[in-house]
Amino acid sequence: MSTNTNEEPRHLADEKFDVVKFVKITAVLIISLLLWNLPSTVFGIEGLTVIEQRMISIFAFAALMWITEGVPAWVTSVLIIVVMLFTVSDSSISMLIDLNNYQGAATEVNAKGVEQLQGLIPYKDIIAAFADPTVMLFMGGFILALVASKSGVDISLARVMLKPFGTNSKRVLFGFMLVTAIFSMFISNTATAAMMLTFLAPVFRTLPENERGRVGLALAIPIGCNIGGIGTPIGTPPNGIALGALKDAGFNIGFLDWMIMMVPLMLLILVIAWLLLLNLYKFKSETLEFKIEGGAKPGWQTKAIYVVMAMTIALWCLEKVVGINSYVVALFPVGAFTALGIVSSEDIKHIDWSVLWMVAGGFALGTGMKQSGLAKAMVESIPFAEFNVFVVLIGAGLLCWLLSTFISNSASAALMVPILITVGTGMSEQLAPIGGVVTLVAGLALSASFAMALPISTPPNAIAYSTGLVKTSQMAKVGIIMGVIAMTLAYGMLMLFGSMGIGIFG
C-alpha cells in the first residue's frame with residue numbers, strides 16, 4: 001500500500017470537481033425538463049405547439065450548458081443535434097408515441113393532436129448541420145493551418161513578414177501584432193499564439209526583468225490573435241456562425257466583401273492597441289534582437305503548398321469574379337493536399353473537430369427554431385416596434401461581449417445569433433436605416449472577438465498568461481479598454497456603412 005500523502009488530496013480534489021459538474025448538469029436537466037412539461041400557456045406565446053415548446057426547452061438546455069460548461073461546448077452541440085433528432089424531427093420516437101396516443105380518440109382530440117405536432121423538422125435538415133457549407137469553410141481553413149504548421153511554411157512566412165520591422169523595439173511590437181493578426185485571419189488563433197510565443201521566447205530571455213515592455217510584447221500576441229480573427233469569414237467561428245445564419249436569412253455576403261470592410265477596421269484597432277501598449281508599458285530598451293529558427297524544407301511539396309495556399313486565397317478573394325463561392329473553394333485545399341499525399345489519414349485526426357461540431361450545433365439550433373415555427377411565433381408575440389433600436393443593437397453586443405469573456409466565443413455566438421435573426425426580422429423597419437439585420441448580427445460576431453479581458457476569455461489569452469509576464473489585472477485593464485474602443489469603432493462603422501448601403505450591405 002502506498003504511503004504517499006499527496007494522493008488523497010489529489011483524489012478529493014478530483015471528486016469535488018466531479019460533484020460540481022454533476023450538480024451543474026443535474027440543475028440544467030431539471031430546468032430543461034420543467035420547460036418541456038410546463039403548460040404551454042405559461043410562455044405567453046399564442047398557439048404554442050408541442051414542437052415549439054420542445055425547442056424552447058432544447059434552447060434553454062443549450063444555453064445553460066454552454067454557460068455553465070457542465071460538459072465541453074462541443075458535447076453540448078452534439079447533444080443538441082441528437083435530442084432534436086429523437087424529439088422534434090419527422091423521424092423521432094416521440095412523434096410516433098404522441099401520434100399513437102391520439103389514435104382512437106375523438107375526432108376533435110385527434111385533430112388537436114395533429115395540429116400540436118405541426119412543425120416537425122425534417123431529420124435530413126438536422127443532420128445536414130454537420131456538413132453545413134460554413135462548417136466546410138472552416139474545414140478548409142483548418143487544413144491550410146495544419147499543412148502550414150506541419151511543413152514549417154508558417155515559420156518561413158513569419159520570418160519574411162517580420163524582417164521589415166528591424167530591431168527597433170516599438171516597430172518590433174507592432175510587427176508582432178500585425179503578423180499575428182495576419183496569421184489569425186486564416187489559421188487557428190490558438191496555433192498562431194503558440195507559434196508567435198515561440199518566436200518571442202528568446203526575446204523574453206534577453207530582456208531584463210524590470211523591462212516593462214515585456215508585458216506589452218506578451219499582450220501583443222492575444223490582441224493580435226483576437227483582433228486579427230475579424231478580418232476574414234474563417235478567422236474565428238463567430239464570423240462563420242453569423243454569416244451562415246445571414247445566408248439562411250437571404251443575405252449572401254462574399255469572402256472578399258467581408259474582408260474589404262473588416263480588414264481596415266482590424267488595422268485601425270491594431271494601431272490603437274499598439275499605441276495603448278506603448279503608453280502603458282513603455283520600453284526601456286531601444287532595440288530588440290530575436291532569432292527565428294526552423295522553417296519550410298526545400299522540395300516539391302513545399303512549392304505545392306505555397307501554390308495551393310495562394311490559389312485558395314486568390315479564389316476566396318475573387319469569388320464574385322470567378323463565380324465560385326467561398327464554401328466550395330474551401331474544399332479545394334482539402335482535395336489538393338490529400339491527392340498530393342501532403343495530408344495523411346493521421347493528419348486528419350489533428351483537425352479541431354470539436355470546433356466544427358460546436359459550430360454545427362449552433363446551426364442545428366437555428367434550423368430548429370426556424371422550421372419548427374418558434375422563430376416566427378416569437379416575432380409575432382414580442383412587441384419589437386416598442387423597442388429602441390439602438391438599445392437592442394448595443395445591448396446585444398455588450399451581452400455577447402460579457403458572455404464571451406467567461407465562456408467560448410463560439411458558444412456565445414451560437415447561442416445569440418439565432419435569437420438576433422428573429423429579433424432582427426421583427427425590427428426590420430427600425431433597423432433598415434442602419435443596415436438592417438446584417439448590422440445586428442455582424443456586430444454580435446465582432447463583439448465576441450473583442451472579449452479578451454481575462455486569461456479564460458480565449459486560448460491566446462491563456463497562452464500569454466502562461467508566460468508569467470502578465471498579471472490578470474494588466475490583461476483585464478488592456479482587454480476592457482480595447483473592448484470598449486473596438487466595439488465603439490465596429491458599431492460606428494457598421495451603422496455608417498449600413499446607412500450608405502456599401503460594403504457587406506451592398
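Everything quoted here is computed from the prediction, not taken from an experiment.
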Does [X], at its [atom1] atom, have more than 12 non-hydrogen atoms belonging to other residues, nucleotides or ligands within less than 6.0 Å?
X    : atom1 : answer
K170 : NZ    : no
Y465 : OH    : no
K24  : NZ    : yes

Is there a donor-acceptor contact under 3.5 Å from the side chain of [X] to the main chain of [Y]?
X    : Y    : value
R214 : Y281 : no
K150 : I342 : yes
S404 : C400 : yes
T180 : C225 : no
T439 : I434 : yes
Q474 : K471 : yes

Do [X] and [Y] have side-chain heavy atoms sitting under 4.5 Å apart?
X    : Y    : answer
T232 : F186 : yes
M136 : V334 : no
Y491 : L446 : no
M65  : I25  : yes
M487 : I394 : no
N226 : S449 : no
I143 : D347 : no
V478 : M452 : no

The test is side chain to side chain contact (heavy atoms under 4.5 Å, CB included); show your working for L243 and V441 and say whether it passes. CA-CA 8 Å; L243 289 175; V441 177; over 6 Å; no
N461 versus T458, side-chain donor and acceptor atoms under 3.5 Å: yes
Quick one about T236 and N239 (side-chain donor to acceptor, distance below 3.5 Å, no hydrogens or angles considered), yes or no? no
Which heavy-atom pair separates [X] from [Y] by the least distance, and what is that distance?
X    : Y    : value
L173 : G216 : CD1-O, 3.6 Å
I260 : P264 : O-CD, 3.1 Å
L356 : V135 : CD2-O, 3.7 Å
A181 : L270 : CB-CD1, 3.5 Å
Y306 : S156 : OH-CB, 3.7 Å
M185 : G228 : CG-O, 3.2 Å

Is there any ring pair (Phe, Tyr, Trp, His ring centres under 6.0 Å) pair reaching into residues 235-274, and which pairs are they, with sequence neighbours excluded?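 Counting only pairs at least two positions apart or across chains, the ring pair (Phe, Tyr, Trp, His ring centres under 6.0 Å) contacts touching residues 235-274 are F174-W274, F255-W316.
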Kindly state each residue pair satisfying ring pair (Phe, Tyr, Trp, His ring centres under 6.0 Å) with at least one member in residues 321-356, sequence neighbours excluded. none
Residue pair I421, V417: steps toward the side chain to side chain contact (heavy atoms under 4.5 Å, CB included) verdict: CA-CA 6 Å; I421 288 290; V417 164; 4.2 Å; yes
Value rounded to 0.5 Å, distance of [atom1] in [X] from [atom2] in [Y]:
X    : Y    : atom1 : atom2 : result
I480 : W401 : CD1   : CH2   : 5.0 Å
F363 : I81  : CZ    : CD1   : 11.0 Å
I269 : M493 : CD1   : CE    : 8.0 Å
L440 : T425 : CG    : OG1   : 9.5 Å
L489 : M482 : CG    : CE    : 8.0 Å
L217 : M177 : CG    : CE    : 10.5 Å

Before you tell me yes or no, could you show the steps for F61 and L79 under side chain to side chain contact (heavy atoms under 4.5 Å, CB included), namely the whole-Å CA-CA distance, both residues' side-chain angles and the distance that decides it to 0.1 Å? CA-CA 10 Å; F61 169 81; L79 289 175; 4.1 Å; yes
Please report the C-alpha distance between I351 and I348 in whole Å, then the side-chain angles of each, then the deciding distance to 0.1 Å, and finally whether the side chain to side chain contact (heavy atoms under 4.5 Å, CB included) criterion is met. CA-CA 6 Å; I351 289 177; I348 294 295; 4.1 Å; yes
Salt bridge (charged side-chain N to carboxylate O under 4.0 Å, His left out) partners of K297, counting only residues at least two apart: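 For K297 there are no salt bridge (charged side-chain N to carboxylate O under 4.0 Å, His left out) partners, ignoring immediate neighbours.
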